[in-house]
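Structure, as structure tokens:
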2 protein chains.
Amino acid sequence: MERWTALNQSPADRRQCPVREVLDHLGDKWTALIVLTLSHGACRFSALQRTIPDISKRMLTQSLRNLERDGLLFRRVYPTKPPAVDYRLTPLGESFLGQLQALAIWAEDSHPTIRAARAQFDAANGEV
Amino acid sequence: MERWTALNQSPADRRQCPVREVLDHLGDKWTALIVLTLSHGACRFSALQRTIPDISKRMLTQSLRNLERDGLLFRRVYPTKPPAVDYRLTPLGESFLGQLQALAIWAEDSHPTIRAARAQFDAANGEV
DNA sequence: CAGGATCCGTACTGATACTG
DNA sequence: CAGTATCAGTACGGATCCTG
């Protein structure tokens, strides 16, 4: 199964690679948190900000825009006096959430192994 | 299933979260490429460099070190006249590869949907 | 309340030159 | 061949101020 061979194309083609796009998304440092937060259901801007304490307004806005652009979440605006907005996952967003959860489970399961390897590596290479 | 609630802990605790660690890894921009390249078997430093054209020696070295430290790959040195080194996935690395492949498949499957959403979003918001 | 605009420091990255 | 060291550019992320 060589579906990701496109990963190693020339630099010019790299941007075309769907896998790169997804990976770049995950690298966004916040998108994953947002998607996981929205797994509980729709959420308002300020609520998201409270749930993810150390994200700035700027980054939250930007990340939400990217996710909306890619069709991973809906943005609903209620034209009330002080405007209210909430975000919820689209079906595509939910399927992405599934991937994230699989990754999260792998991460938790592998964490002890990784920590052990890290400790051993540091012990071997740390003291010169 | 709330195994990743630790994601939204206070900033200080954030570093403890295994999911964050994995995600940060993926954000490394190169680690995924390297792991996927090594899925074919052991590979030498220069071969990796050839397979991933637009990676600098510096980043390749750094990424390899991180992966080695986390126990995702072995580094073998052959003490020949011009030193030879090759890298191969550990069992942990292989299991990580599995996650990556699942993600790759999702990415490819979802790519058309994402592209469509993106086009629609740009059409709606692009022209002011 | 939601978010756009701007400024600015830091951290990541690449290119180059050097070593064993 | 397989790195290490140094330097410089960029782009990311945060803080602050401003708008509808």
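Order of the sequence lines fixes the chain letters, A, B, ..., with proteins taken first and strands second; residue numbering starts at 1 for each chain. No hydrogens, no waters, no symmetry mates; every other heavy atom, side chains included, goes into these values.
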So if I apply the salt bridge (charged side-chain N to carboxylate O under 4.0 Å, His left out) rule between A/D86 and each of A/R75, A/R76, A/R44, which one comes out positive? A/R76
Sugar-phosphate only, base, or nothing, as touched by B/Y87 at under 4.0 Å among non-hydrogen atoms: sugar-phosphate
Would you say the side-chain atoms of B/T90 pair up with the backbone N or O of B/F74, donor to acceptor, closer than 3.5 Å? no
Taking OP1 and OP2 of C/dA2, is either one under 4.0 Å from a side-chain nitrogen or oxygen of A/R44? yes
Assuming nearest nucleotide by heavy-atom distance, tell me which of B/F45 and A/K57 is located more 5' along DNA chain D. B/F45
From CD of A/E68 across to P of C/dA2 the rounded distance in Å is 15 Å
Within the 4.0 Å heavy-atom criterion, would you say A/K81 contacts the bases, only the backbone, or no part of the nucleic acid? nothing
Mind calculating the distance between CG (B/L64) and P (D/dG3) to the nearest angstrom? 7 Å
Phosphate-side-chain proximity, B/S46 and D/dA2, N/O vs OP1/OP2 below 4.0 Å: yes
Pick the nucleotide of DNA chain C nearest each of A/P82 and A/T61; which residue has the one closer to the 5' end? A/P82
Hey, which of these two, A/V85 or B/D28, hits DNA chain C nearer its 5' end, going by closest nucleotide? A/V85
Taking CD1 from B/I55 and P from D/dG3, how many angstroms apart are they, rounded to a whole number? 12 Å
Separation of D/dA15 atom P from A/Q62 atom CD, nearest Å, is 15 Å
Starting the side chain at C-beta, find the nucleotide from D/dT4, C/dG4, D/dG20 nearest to A/R65. C/dG4
Write down the distance between CG (A/D24) and C1' (C/dC12), rounded to a whole number of angstrom. 14 Å
To the nearest Å, give me how far apart CD (B/Q49) and C1' (C/dG14) are. 12 Å
Side chain of A/W30 (C-beta onward), nearest among D/dC1, D/dG14, C/dA2: D/dG14
With the side chain of B/R75 defined as its heavy atoms from C-beta on, choose the nearest nucleotide among D/dC1, D/dG3, C/dC1. D/dG3
d(CE, B/M59; P, D/dC7) in whole Å: 16 Å
Between C/dC1 (P) and A/L60 (CG): distance, integer Å: 14 Å
Would you tell me whether A/H25 and A/N66 have side-chain atoms, one donor and one acceptor, within less than 3.5 Å of each other? no
Check each of A/L89, A/L73, A/V22, A/T31 against A/F96 using the side-chain contact (heavy atoms from CB on, under 4.5 Å) test, and report the only one that passes. A/V22
Salt bridge check: are B/D122 and B/R118 linked by an N-O gap of less than 4.0 Å? no
base_contact_polar (D/dT16 base, A/R58 side chain, donor-acceptor, <3.5 Å): no
